[in-house]
Amino acid sequence: MDKMNHSSAEAEAETIEPLRYLSKGEVAAIETELLRDYRFGQQQLIEIWGQACAIAITKAYPLSSLAKKQPTVLVICGPDQNGSIGLVCARHLRMFEYEPTIYHPKRSSQSLHQDFTVQCEKMDIPFLSYLPTEVQLINDAYNLVIDAMLGPEADCANIKEPYSGILVTLKQIKTPIVSVDVPSGWDVEETSQDGINPEVLISLTAPKKCAASFSGKHFLAGRFLPYDIQKKYELNLPEYPGTDCLIEL
Amino acid sequence: MCGRSDEADASSLLQPGPRRKAYPLSSLAKKQPTVLVICGPDQNGSIGLVCARHLRMFEYEPTIYHPKRSSQSLHQDFTVQCEKMDIPFLSYLPTEVQLINDAYNLVIDAMLGPEADCANIKEPYSGILVTLKQIKTPIVSVDVPSGWDVEETSQDGINPEVLISLTAPKKCAASFSGKHFLAGRFLPYDIQKKYELNLPEYPGTDCLIEL
């Protein structure tokens, strides 16, 4: 560094690079590396993410802030990883004394996902057998709806039942929606056109491109990513406060 | 009680919050926030590995001594995760006590868990325990102080400053006189009732509580 420009070079070195928003491909690549090279287990990652989601929800909607008499929360879980994260999140919400109810219409055949389901069942968390289409029933029963249906790997152009139907319902409810990682139905890389409109988005590990156009409350959760991966993908993650596993963006 | 999947769960869930609470970064006396984490061959050791990784995320500088590695792939995974976080692994532990006193702010004892046979402690752990009885650096024990009989008052075992009981305290902890944390807030209510654990109320969303 040129010694004469010492102070400006110093200022340059301290400039914070902007947070990166990831593409679908980058999300998949990072996860592959974590599992293959860093030897994280899938169960381990899902547990970390699910717990971080639950903590983010308690920050955005503390028990005392919930309007209804009971701290009810509806957690809608998809068939894949996003759904499993929802299951873990529901379990932690139960430990935090919320009253989660799970709607998990299509269960994965993977034993890992089934384990998460059993863990929730053994916590006495009720599982709905169907989701009311009458919007007022949802508005009346739940303080929050956690959208853990579709993750960044989902094909948003090709959403099958029952999720397409559920998304229609979610566009009509008044209950605030919290989306896990990406709002279900949104294109991961595009601005949302007419998708659901969550109040809160909890990005896991790093935000996805579509989050750049998200106008609600945005959390980044899941503080475990090895520094080497952060550098390799130039994530420029913000500094988490203290030992918190989440930060509001 | 705890099956295979619980191990990963418990390990993933264990946040070294107690260590940060007991020894915040700013409180550490040495210039660098160095921490020595001594890991045994079984679950207690794996918990230590996960703990070291999180300490690294919290900007402590852990160093791991993990003399005997388990052959279980799960335990090996935890080792790789630490190596990929650039956490140094010592190839041997100095027997000279002053070297440890000078180098580290804390020693985390993650050698032997409640399943260990305290009457039959093999090398290298018996030797390490001898060293630990002489160091001045504060010791934090994971779940049970290594070498203690799980159910008895300790006679002449190591003397940690902090004990972090996992899920529920063990009998020997009743005679522990240092700072005692309970950590790991995930235990299903049914198990709590079945074993009449009478766990205290964790504050807010904390996963640990000081007893």
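Basis for what follows: all heavy atoms, side chains included, without hydrogens, waters or symmetry-related copies. These numbers were taken from a predicted model, which means no experiment stands behind them. Within every chain, numbering begins at 1; the chains are lettered A, B, ... in the order of the sequence lines, protein sequences first and strands thereafter.
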Engineer: Classify the side-chain pair Arg39(A)/Gln81(B) by whether it contains a donor and acceptor separated by less than 3.5 Å.
Structural biologist: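 No, Gln81(B) and Arg39(A) have no side-chain donor paired with an acceptor closer than 3.5 Å.
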
Engineer: Sequence neighbours excluded, which residues qualify as side chain to side chain donor-acceptor pair (under 3.5 Å) partners of Gln70(A)?
Structural biologist: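 Gln70(A) satisfies side chain to side chain donor-acceptor pair (under 3.5 Å) with no residue once adjacent residues are dropped.
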
Engineer: According to the interplanar angle, ranging from 0 to 90°, do the rings of Trp49(A) and Phe224(A) count as parallel (below 30°), tilted (30 to 60°) or perpendicular (above 60°)?
Structural biologist: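 Ring orientation, 0 to 90° scale: perpendicular.
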
Engineer: For the candidates Met85(B), Arg53(B), Lys84(B), which exhibits the highest count of non-hydrogen atom pairs separated by less than 4.5 Å from chain A?
Structural biologist: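 That would be Lys84(B).
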
Engineer: Heavy atom to heavy atom, less than 4.5 Å: which residues from residues 226-233 of chain A reach chain B?
Structural biologist: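 Answer by number: Pro226(A), Tyr227(A), Asp228(A), Gln230(A).
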
Engineer: Sequence neighbours left out, what passes side chain to side chain donor-acceptor pair (under 3.5 Å) with Glu161(B)? Give chain and number order.
Structural biologist: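 Only Tyr23(B) meet the side chain to side chain donor-acceptor pair (under 3.5 Å) criterion with Glu161(B).
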
Engineer: With a 4.5 angstrom heavy-atom cut-off, which part of Arg56(B) approaches chain A: side chain, backbone, both or neither?
Structural biologist: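 Backbone plus side chain of Arg56(B), per the 4.5 Å heavy-atom cut-off to chain A.
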
Engineer: Among Ile46(A), Asp37(A), Leu63(A), which residue forms the greatest number of heavy-atom pairs with chain B at distances under 4.5 Å?
Structural biologist: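 Ranked by heavy-atom pairs under 4.5 Å with chain B, first place is Asp37(A).
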
Engineer: When the ring planes of His218(A) and Phe214(A) are compared, do they come out parallel, tilted or perpendicular, using 30° and 60° as the limits?
Structural biologist: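 Plane angle over 60°, so perpendicular.
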
Engineer: Heavy-atom count check: over 12 atoms from other residues, nucleotides or ligands less than 6.0 Å from Glu234(A) CD?
Structural biologist: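 Not buried by this count: 12 neighbours or fewer within 6.0 Å.
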
Engineer: Looking at chain A, which one of Asp77(B), Asp206(B), Thr79(B) has the largest number of heavy-atom pairs inside 4.5 Å, strictly under?
Structural biologist: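 So the answer, after comparing Asp77(B), Asp206(B), Thr79(B), is Asp77(B).
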
Engineer: Just to verify, what does Pro126(A) make a side chain to side chain contact (heavy atoms under 4.5 Å, CB included) with, not counting sequence neighbours?
Structural biologist: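 Scan of Pro126(A) (side chain to side chain contact (heavy atoms under 4.5 Å, CB included), adjacent residues dropped) gives Thr101(A).
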
Engineer: Can you name the closest pair of heavy atoms from Ile158(B) and Trp148(B) and give their distance?
Structural biologist: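 So the minimum-distance heavy-atom pair works out to O-NE1, 2.9 Å.
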
